[in-house]
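Step one of this worksheet: look at the structure below.
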Amino acid sequence: MVRQEMKEGRMGRRPTWMYPYLMLMPALFFVLLFKIYPMVSVTIGSFFRNGRLSLRTYQILFGDQTFWNSLWVTVQMNIIIIPLQVVISLVLALLVNNKVKGIGVFRSIYYIPVTMAIAVASVTWSLMMNVNNGVFNSILSVFGIPAQGFFTNPDQALGCIILMASWKGCGYWMMYLLAGLKGIDGSLYESARLDGAGYFQRLFHITIPMMSRTMLFVVVANTTANMLMFAPTKLITEGGPANRTNVLMYEVYKSAYRNGNQSRAGAITAMLLVLILFTVIIQFRMINTHDGE
């Protein structure tokens, strides 16, 4: 009788280890359907030309100066925007992590840009930086500074897109870093204060090392988001002026939807994925090495 009850208990016991995976299955399904499958399909399609397996598309692509210019613009933009956004987000997270009255208001203010759609933000910044009647040039005129071209100036356009994207995205990454800060044991800071450690000593020897996993996630996710950024270039500059903002994602769009060259679009997408993968591997190694030290 006891054996039978034990047997029935084992058979009726539900494997709890499956619950997390079951909860993730809907999200995983949509990621596979709308993210992974299109990327794999487009990449495979880039190796075919007129229905036959061929590397001709890549041979033409590597000899195309427009592609190399787009690659350089993408690399140039991300060399600046990734560390800039991570540093600003960390500073904001440290500021709003203070326990003072009304700090929730500042958290909301810093997060408000995230709630605005990227298309709306792009159009808004385009109007504010308009060379003729934009609010930015109106403010500069008060100080006697001549009107700036901003998005119409080849030397300023990419920097303006970086500024707009950072304003839009830093509040988002701030919340992840704030969650990482909340997870640090307060007793570590108390011990450091008793030992005479100053603010920056606590920051570089406690806060940042303890947030290595959170920082890694933010850096990798930030890299992926900025490498694939497309809307500001499409809505504001159309890749100009003088192709100074013609990033790889916009070149993919032009190849696929303007020129109807699906093979070229797939080849550029494959190269972009390789660039992202290469960058993320370097970031993993750098942060893990620092964490190990």
Side-chain angles (χ1 to χ4, degrees), residues 65-89 91-92 95 105-175 222-259 265 268 272:
Q65 185 60 37
T66 302
F67 164 73
W68 291 110
N69 175 74
S70 298
L71 177 61
W72 167 239
V73 171
T74 303
V75 171
Q76 185 181 11
M77 182 183 73
N78 283 276
I79 287 175
I80 300 172
I81 197 171
I82 294 171
L84 177 66
Q85 288 189 358
V86 171
V87 171
I88 293 176
S89 300
V91 171
L92 292 177
L95 289 174
V105 176
F106 291 95
R107 292 176 185 172
S108 301
I109 291 173
Y110 295 148
Y111 192 77
I112 283 176
V114 182
T115 64
M116 183 181 294
I118 184 65
V120 177
S122 299
V123 173
T124 302
W125 275 74
S126 178
L127 294 173
M128 290 193 302
M129 288 188 165
N130 186 280
V131 65
N132 297 315
N133 52 10
V135 65
F136 277 65
N137 276 326
S138 298
I139 295 173
L140 292 177
S141 65
V142 174
F143 299 96
I145 302 175
Q148 302 297 307
F150 295 124
F151 290 116
T152 61
N153 188 324
D155 297 325
Q156 298 175 350
L158 187 61
C160 292
I161 287 182
I162 291 173
L163 179 63
M164 188 276 292
S166 299
W167 172 85
K168 175 74 172 65
C170 284
Y172 181 76
W173 307 117
M174 175 196 74
M175 299 305 294
N222 181 269
T223 298
T224 304
N226 287 308
M227 286 282 189
L228 300 176
M229 188 165 60
F230 163 76
T233 301
K234 172 65 177 69
L235 296 173
I236 302 175
T237 62
E238 292 282 347
N243 288 329
R244 294 293 183 89
T245 61
N246 189 39
V247 292
L248 284 175
M249 274 303 298
Y250 187 63
E251 191 64 25
V252 171
Y253 164 80
K254 289 193 299 182
S255 298
Y257 297 103
R258 287 189 178 179
N259 304 325
I268 297 175
L272 183 58

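Not measured: the values here are computed from a predicted model.
Side chains of Asn137 and Gln148 form a contact here, defined as non-hydrogen atoms less than 4.5 Å apart. Under the 4.5 Å side-chain criterion, counting only non-hydrogen atoms from C-beta, Phe151 is not in contact with Val131.
With values rounded to the nearest 0.5 angstrom, Glu251 atom CD is found 10.0 Å from Arg258 atom CZ. Once rounded to the nearest 0.5 Å, the distance linking OG of Ser138 with CE of Met128 reads 12.0 Å. Taken from CE in Met175 to CZ in Arg107, the straight-line distance is 7.0 Å, to the nearest 0.5 Å. Expressed to the nearest 0.5 Å, how far OG of Ser166 lies from CD1 of Ile162 amounts to 7.0 Å. The CE atom of Met249 sits 11.0 Å away from the CE atom of Met229 when rounded to the nearest 0.5 Å. Between Asn69 atom CG and Asn243 atom CG the span is 5.5 Å, to the nearest 0.5 Å.
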Assess the residue pair Asn246 and Thr66 against the criterion (side chain to side chain contact (heavy atoms under 4.5 Å, CB included)); give the C-alpha distance rounded to whole Å, side-chain angles, the decisive distance to 0.1 Å, and a yes or no.
CA-CA 9 Å; Asn246 189 39; Thr66 302; 4.1 Å; yes

Apply side chain to side chain contact (heavy atoms under 4.5 Å, CB included) to the pair Leu228 and Leu272, showing each step before the final yes or no.
CA-CA 8 Å; Leu228 300 176; Leu272 183 58; 3.6 Å; yes

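Classification of the Phe136-Trp125 ring pair by plane angle, with boundaries at 30° and 60°, yields tilted. Note on ring orientation: taking the six-membered ring where Trp is involved, the planes of Tyr253 and Tyr250 are parallel (angle under 30°, cut-offs 30° and 60°).
Within the 3.5 Å criterion, the main-chain N or O of Leu248 finds a donor-acceptor partner in the side chain of Thr74.
Closest approach of Phe67 to Ile268, counting heavy atoms only: CD1-CG1, 4.2 Å. Pairing each heavy atom of Ile161 with each of Thr233, the nearest pair is CD1-OG1, 4.1 Å. Closest non-hydrogen pair, Ala256 versus Ala265, comes out as CB-CB, 3.7 Å. Taking each heavy atom of Met227 and Asn78 in turn, the nearest pair found is N-OD1, 3.5 Å. The nearest pair of heavy atoms linking Gly240 to Ala157 is O-CB, 4.4 Å. Nearest heavy-atom pair, Lys168 versus Ala121, reported as atom, atom and distance to 0.1 Å: CD-CB, 4.1 Å.
Checking each of Thr152, Thr124, Leu163, Ile236 against Met129 for a side-chain contact (heavy atoms from CB on, under 4.5 Å) leaves exactly one that passes, namely Leu163.
Other residues, nucleotides and ligands contribute more than 12 heavy atoms inside 6.0 Å of the CZ atom of Phe150. For CZ of Phe106, the number of neighbouring non-hydrogen atoms (other residues, nucleotides, ligands) closer than 6.0 Å is 12 at most.
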For residues 80-89, which side-chain N or O atoms pair as donor and acceptor with protein atoms under 3.5 Å away, sequence neighbours left out?
{"residue": "Gln85", "atom": "OE1", "partner": "Asn222", "partner atom": "ND2", "Å": "2.5"}
{"residue": "Gln85", "atom": "OE1", "partner": "Asn226", "partner atom": "ND2", "Å": "3.4"}
{"residue": "Gln85", "atom": "NE2", "partner": "Ala165", "partner atom": "O", "Å": "3.4"}
{"residue": "Ser89", "atom": "OG", "partner": "Gln85", "partner atom": "O", "Å": "2.7"}
{"residue": "Ser89", "atom": "OG", "partner": "Cys170", "partner atom": "O", "Å": "3.2"}

